[in-house]
Amino acid sequence: MEYVFAPPPQASVPVVGGGLFPVRRIFCVGRNYAEHALEMGGNPEREPPFFFTKPADAVVTGGADMPYPTKSESLHHEMELVVAIGTGGADIPVASALDHVFGYAAGLDMTRRDLQNEAKAARRPWDMSKGFDHSAPIGDIVPAAALPDPTHGKIELKVNGAVRQTSDLSQMIWSVAETISYLSGLVVLAPGDLIFSGTPAGVGAVVRGDLLEGFVEGVGTVRVRIA
Ligand code: MN
């Protein structure tokens, strides 16, 4: 049988050194840095990680502009380490979890904070506050060997040259390996999956024209302008 119309283009992220990483799904960890959990009114205790998702084609790559989303007056930045899964699996042990990583990237979990706050208050889903079009700007993926130990390293975001978020990967409540292991107990992970690993404190609003420049030590940069 033929498709009734042409299938959509495969969402992808460029890989440093060549090639494209085909994106299957985007998972995001909520409140994975204690200080951010506190600033969002949450509990920084080590409760199990929770996840939400974005569509694969929410990625914005190559330094392209991100259009300011509709239906929001409060677009927030969340600077994050992104984990790119190269080998899938279910119930992956923590000890071997990093063997499933293809590479890493610097990414932004852009959020319609006003819609998220409304959803929280009404106990409704977060999809339209997190998983909207162009909500996942991401830098090029570096092979995993570039970050052999993703448990430490500087993570920082500048907006128009001023530092807005700065922390260290060591401040994550759940490590990359623990996150992969836990998530693989909820869904069968597959090659092409991306995991946004949570943001440190300092989230805030951006406006049209702002230039966001994020950096993760050992991984690289993400750069996007709000249009
Ligand atoms: Mn986030």
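Heavy atoms only: backbone and side chains are in, while hydrogens, waters and symmetry mates are out. When a ligand or atom number is given, it counts from 1 through the structure's own listing order.
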Query raised in the report: Do E35 and S167 have a side chain donor and acceptor closer than 3.5 Å?
Result: no

Query raised in the report: Around atom CD of Q10, are there more than 12 heavy atoms of other residues, nucleotides or ligands at under 6.0 Å?
Result: yes

Report task. Identify which one of P49, S197, S181 satisfies the side-chain contact (heavy atoms from CB on, under 4.5 Å) criterion when paired with W174. Result -> P49

Requested in this report: With sequence neighbours excluded, give me every salt bridge (charged side-chain N to carboxylate O under 4.0 Å, His left out) pair touching residues 186-197.
Outcome: R25-D193

Query raised in the report: For the Mn ion (ligand 1), how many protein N, O or S atoms come closer than 2.8 Å?
Result: 3

Report task. List in chain and number order the residues that pass ring-ring contact (aromatic ring centres under 6.0 Å, His included) with F50, two or more places apart in sequence or in another chain; answer none if no residue qualifies. Result -> W126

Query raised in the report: Which residue pairs pass the salt bridge (charged side-chain N to carboxylate O under 4.0 Å, His left out) test with at least one member in residues 157-171, sequence neighbours excluded?
Result: none

